[in-house]
Q: 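Submitted below is the structure of interest, expressed as structure tokens.
By convention here, the first residue in the shown sequence is residue 1.
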Amino acid sequence: MQTINTEAEFQEIIQSEKPVIIKFFADWCPDCKRMDMFIGEVMEEFENYDWYEVNSDEVSGLAEKYEVMGIPSILLFQNGEKIAHQHSAYTKTPDSVTEFLNQQLG
């Protein structure tokens with residue numbers, strides 16, 4: 001998973017013609033650390049997609065702009081638009097993240 005360090009980098013990445021998967025997280029977040037323990041398996045299943053992560057404390061303004069109210073959150077972007085958003089309450093298990101990605105990406 002590649003780390004996005006600036007808003008400019010983020011804006012460039014989300015312009016992709018194919019969907020990109022972006023995880024919003026923070027270092028202090030216990031649920032984010034829990035997700036890190038299983039996200040590798042989910043990434044393998046969806047290896048045809050590019051995965052990125054944004055530390056919402058370090059790249060300020062993005063979480064607010066894209067309505068990330070809780071972390072971790074998984075957002076899908078394509079052609080500069082947010083096409084799907086899985087909020088933090090639903091990102092607690094590998095099954096819930098996999099189900100969301102299957103629904104959104106086929």
Side-chain angles (χ1 to χ4, degrees):
M1 190 175 306
Q2 296 174 265
T3 301
I4 297 173
N5 296 304
T6 67
E7 184 170 355
E9 187 180 0
F10 179 88
Q11 292 302 329
E12 182 179 328
I13 287 165
I14 67 170
Q15 297 305 317
S16 173
E17 289 185 12
K18 79 176 207 180
V20 293
I21 303 166
I22 302 180
K23 175 184 84 166
F24 279 74
F25 76 101
D27 292 333
W28 52 264
C29 163
D31 287 340
C32 298
K33 294 186 186 339
R34 194 172 309 118
M35 177 187 263
D36 287 343
M37 295 184 334
F38 69 74
I39 199 67
E41 298 168 25
V42 178
M43 288 174 66
E44 284 178 23
E45 190 171 335
F46 294 90
E47 65 187 355
N48 295 337
Y49 296 93
D50 292 329
W51 286 77
Y52 299 92
E53 63 181 3
V54 173
N55 185 323
S56 56
D57 288 340
E58 292 178 6
V59 186
S60 62
L62 285 180
E64 294 81 7
K65 183 173 184 176
Y66 293 100
E67 301 171 339
V68 176
M69 303 301 181
I71 50 174
S73 284
I74 301 284
L75 282 69
L76 304 179
F77 288 88
Q78 185 173 16
N79 298 317
E81 298 290 323
K82 180 171 80 168
I83 57 173
H85 185 157
Q86 186 176 45
H87 296 276
S88 57
Y90 306 104
T91 59
K92 299 195 185 294
T93 67
D95 290 343
S96 64
V97 174
T98 299
E99 184 179 324
F100 165 73
L101 293 173
N102 277 324
Q103 286 173 351
Q104 300 301 324
L105 301 172

Q: The test is side chain to side chain contact (heavy atoms under 4.5 Å, CB included); show your working for I22 and E53 and say whether it passes.
A: CA-CA 5 Å; I22 302 180; E53 63 181 3; over 6 Å; no
Q: List the steps and the verdict of side chain to side chain contact (heavy atoms under 4.5 Å, CB included) for D36 and F25.
A: CA-CA 10 Å; D36 287 343; F25 76 101; 5.7 Å; no
Q: Decide yes or no for P19 and I83: does some side-chain heavy atom of the first lie under 4.5 Å from some side-chain heavy atom of the second?
A: yes
Q: Would you please test K33 and M37 for side chain to side chain contact (heavy atoms under 4.5 Å, CB included) and show each step?
A: CA-CA 7 Å; K33 294 186 186 339; M37 295 184 334; over 6 Å; no
Q: Do S56 and V68 have side chains that approach each other closer than 4.5 Å (heavy atoms only, starting at C-beta)?
A: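 Contact flag for S56/V68 side chains = no.
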Q: Start with the C-alpha distance between Y52 and F10, add both sets of side-chain angles, then the distance that settles side chain to side chain contact (heavy atoms under 4.5 Å, CB included), and finish with yes or no.
A: CA-CA 9 Å; Y52 299 92; F10 179 88; over 6 Å; no
Q: Can you confirm if the aromatic rings of Y66 and F24 lie within a centre distance of less than 6.0 Å?
A: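 Centroid separation for F24 and Y66: 6.0 Å or greater.
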Q: Could you check whether any side-chain heavy atom of N55 comes within less than 4.5 Å of a side-chain heavy atom of D27, counting everything from C-beta outward?
A: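 Counting from C-beta outward, N55 and D27 do come under 4.5 Å.
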Q: Side-chain heavy atoms nearer than 4.5 Å, only ILVMFWY residues, links allowed to pass through others: does that put I14 and L62 together?
A: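 I14 clusters together with L62.
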Q: Can a donor-acceptor pair be found, under 3.5 Å and without considering hydrogens, that links the side chain of Q86 to the backbone of S73?
A: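 Checked: no pair found.
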Q: Do Y49 and L101 make a side-chain contact, defined as non-hydrogen atoms from C-beta onward lying under 4.5 Å apart?
A: no
Q: Donor-acceptor pair, K18 side chain versus N48 backbone, under 3.5 Å?
A: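 Present.
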Q: Could you report the tightest heavy-atom contact between G61 and E64, atom names first, then the distance?
A: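 It is CA-OE1, 3.2 Å.
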Q: Under 4.5 Å between any side-chain heavy atoms of M43 and I21, yes or no?
A: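 The answer is no, as the side chains (C-beta and beyond) never meet within the 4.5 Å cut-off.
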Q: Any donor-acceptor pair under 3.5 Å linking the side chain of T98 with the backbone of V42?
A: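 It does not hold such a pair.
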Q: Given the rule that I, L, V, M, F, W and Y join up when any side-chain heavy atoms are under 4.5 Å apart, are M35 and L76 in one cluster?
A: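 Yes, one cluster joins them.
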Q: Is it the case that more than 12 heavy atoms not belonging to Q11 sit under 6.0 Å from its CD atom?
A: yes
Q: Counting only heavy atoms not in F38 (residues, nucleotides, ligands), do more than 12 fall under 6.0 Å from its CZ?
A: yes
Q: Is V59 reachable from L75 through a run of hydrophobic residues whose side-chain heavy atoms are each under 4.5 Å from the next?
A: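 Linked within one cluster.
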